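Scroll down for the structure; my scribbles are underneath it.
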Number of protein chains: 2
Amino acid sequence: MRSQSRVEKNDPITITLTDRLFDKIQRAIVEGEIPSGSKISEPELARQHGVSRGSLREAIGRLEARKLVERKPNLGARVVTLSYEQLIEIYQVREALEGMAARLAAQNMSDKEIEELQLLLDQHGRQIEEQHGEAYFQKQGDLDFHYRIVQGSKNHHLIGLLCNDLYHLLRMYRYQFGMRSKRSSQAYDEHHYLLNAISSRDPEMAELLMRQHIRSSRRNVERMLLEN
Amino acid sequence: MRSQSRVEKNDPITITLTDRLFDKIQRAIVEGEIPSGSKISEPELARQHGVSRGSLREAIGRLEARKLVERKPNLGARVVTLSYEQLIEIYQVREALEGMAARLAAQNMSDKEIEELQLLLDQHGRQIEEQHGEAYFQKQGDLDFHYRIVQGSKNHHLIGLLCNDLYHLLRMYRYQFGMRSKRSSQAYDEHHYLLNAISSRDPEMAELLMRQHIRSSRRNVERMLLEN
DNA sequence: TTCTATATAATTGTCGACAATTTGAGATAT
DNA sequence: ATATCTCAAATTGTCGACAATTATATAGAA
């Protein structure tokens with residue numbers, strides 16, 4: 001009696017030590033606990049987490065692949081330095097990829113998924129009415145919404161690029177640049193139109209609206225950063 | 001007299017052992033020398049290349065980041081299995097990213113870069129006239145053209161995603177699916193229109209044309225694969 | 001025969017040590 | 001004082017060995 005809760009035997013739930021390390025360090029970097037631009041000392045980090053340097057290096061390698069750290073041979077790894085220019089670049093990539101995701105979602109999302117997304121959006125609407133102006137908790141909701149549309153594209157490459165790479169970088173900027181948006185009700189409206197296009201199965205319109213949505217989000221960020 | 005040929009001292013020309021390993025294995029995978037879908041045995045590969053398992057594992061990690069191999073804990077790494085579905089996914093991502101690249105190139109390429117690209121394109125035109133139908137060598141030219149436009153976007157994120165990740169996967173499909181296109185003269189025409197849009201500094205049109213170009217390239221591939 | 005259980009072999013994950021390179025401090029020369 | 005050289009300390013790159021997990025072969029039960 002071995003495979004009781006595991007339906008088949010080909011699902012590796014195994015979580016390796018490097019996996020945990022990777023998660024912990026990624027969180028520390030995203031939340032700014034390890035400062036942006038700082039050097040990463042392998043011996044020190046390894047000691048802190050009570051792990052060998054080999055495992056640590058493997059974790060750093062993955063961080064590098066996600067562009068959270070940069071590595072130079074014989075010089076070591078540094079946390080990426082956040083910059084206005086890089087943030088703009090990220091938004092441009094995001095516009096392209098999420099636009100395509102919305103287009104595909106309009107074609108490939110199941111009716112059930114659309115229905116659930118509608119429910120989520122309604123919930124956001126109520127939250128906005130209740131906590132009027134307190135757009136803090138709303139930020140997570142925004143990510144949820146985008147996350148589901150990306151999943152709905154059913155394109156695994158696209159999903160990986162956005163959910164595994166870009167979104168972590170974005171979260172890092174949100175944390176460290178203190179990017180709380182004061183346009184949650186406008187964003188809600190835009191989400192609403194977008195979902196309409198998707199449930200109408202209109203790929204062209206879905207992509208258009210998603211790109212506008214991200215562009216206006218970018219303009220908002222630009223304005224906010226220029227104030228400082 | 002130490003820094004003679006090195007202008008500054010902050011340029012790591014150092015090529016580590018893992019770097020070389022990574023390049024060699026990547027080439028072997030892309031060209032099908034290590035068959036798609038096959039398991040990668042760490043001890044064996046390490047022995048073959050006369051290197052320790054640690055270095056090899058680091059190289060495999062990078063391959064994984066480029067989506068050329070897939071890894072499961074305790075089960076090892078396998079070369080990705082090529083599939084029609086995945087190829088379509090890649091083309092969709094490519095359409096989104098290169099479309100944006102063309103848009104940005106229309107804004108950011110220097111006049112000099114545009115001029116040089118024009119020269120490259122003229123050269124392609126002559127090659128097509130000479131070796132009529134022999135579209136084999138032309139394939140590299142196609143990649144060159146796209147490569148330069150991506151560079152012209154000046155968006156480092158975009159450049160990395162396309163040139164470091166996607167293009168290698170694409171080359172792998174080209175090698176192993178035997179994707180030689182018989183539409184080199186049509187592709188040439190499309191390149192011509194696209195370059196016109198760029199030199200007219202028309203981002204909207206540049207993106208549109210690039211996306212059409214990639215879509216028709218995708219349709220060509222689909223047709224070709226359905227014949228087999 | 002077919003299936004299960006067990007033991008053995010092979011592979012992957014993790015570790016500590018050594019080699020190569022870079023960093024930094026102190027000494028010497030200009 | 002500034003600059004250059006030298007040498008020790010620290011850091012990264014690479015390696016081989018051990019531990020944990022999985023795959024394989026064999027024997028026994030249905």
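Keep in mind the model is a prediction, meaning the values are calculated, not measured. In what follows, every heavy atom counts, from backbone to side chain, and hydrogens, waters and symmetry copies are set aside. Naming convention: chains lettered A, B, ... in sequence-line order (proteins, then strands); numbering from 1 in each chain.
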Output the single nucleotide from dG13(C), dT14(C), dC15(D) whose closest atom is nearest the side chain of N74(B). dG13(C)
Between dT14(D) atom C1' and R53(B) atom CZ, what is the distance in whole Å? 14 Å
Measure from the side-chain heavy atoms of S52(B) and tell me the nearest of dT11(C), dT12(D), dT14(D). dT14(D)
Are any of the side-chain nitrogens in K112(A) or E116(A) under 4.0 Å away from the carboxylate oxygens of its partner? yes
Spacing of R71(A) atom CZ relative to dT11(D) atom P, expressed in whole Å: 16 Å
Round to the nearest Å and state the distance from E58(A) atom CD to dG13(D) atom P. 14 Å
Interatomic distance where CG belongs to L75(A) and P belongs to dT11(D) [whole Å]: 14 Å
Looking only at side-chain N and O atoms, does T16(A) come under 4.0 Å of OP1 or OP2 in dT12(C)? no
Please classify the nucleic acid contact of I40(A) as base, sugar-phosphate, or nothing, using heavy-atom distances under 4.0 Å. sugar-phosphate
Nearest-angstrom distance from the residue atom CD of E42(A) to C1' of dT22(C): 13 Å
Using 4.0 Å as the upper bound for N to carboxylate O, is an ion pair formed by R211(A) and E207(B)? yes
Electrostatic pair R71(A)-E58(B), nearest N-O below 4.0 angstrom: yes
Side-chain N,O (S55(A)) to OP1/OP2 (dC15(C)) below 4.0 Å: yes
Winner on side-chain proximity to S41(B), out of dT14(D), dT11(C), dT14(C), is dT11(C)
Provide, to the nearest angstrom, the distance between the NZ atom belonging to K72(B) and the C1' atom belonging to dT21(D). 16 Å
Going by the angle between their ring planes, with limits at 30° and 60°, are H191(A) and H146(A) parallel, tilted or perpendicular? perpendicular
Between E95(A) (side chain) and R215(A) (backbone), is there a donor-acceptor pair under 3.5 Å? no
Does dA23(D) have its OP1 or OP2 closer than 4.0 Å to a side-chain nitrogen or oxygen of K39(B)? no
Nucleotide dG13(C), atom P - distance to CZ of F22(A) in whole Å: 16 Å
Sugar-phosphate only, base, or nothing, as touched by G76(A) at under 4.0 Å among non-hydrogen atoms: sugar-phosphate
Calculate the interatomic distance between R57(A) atom CZ and dT14(D) atom P; express it in whole Å. 7 Å
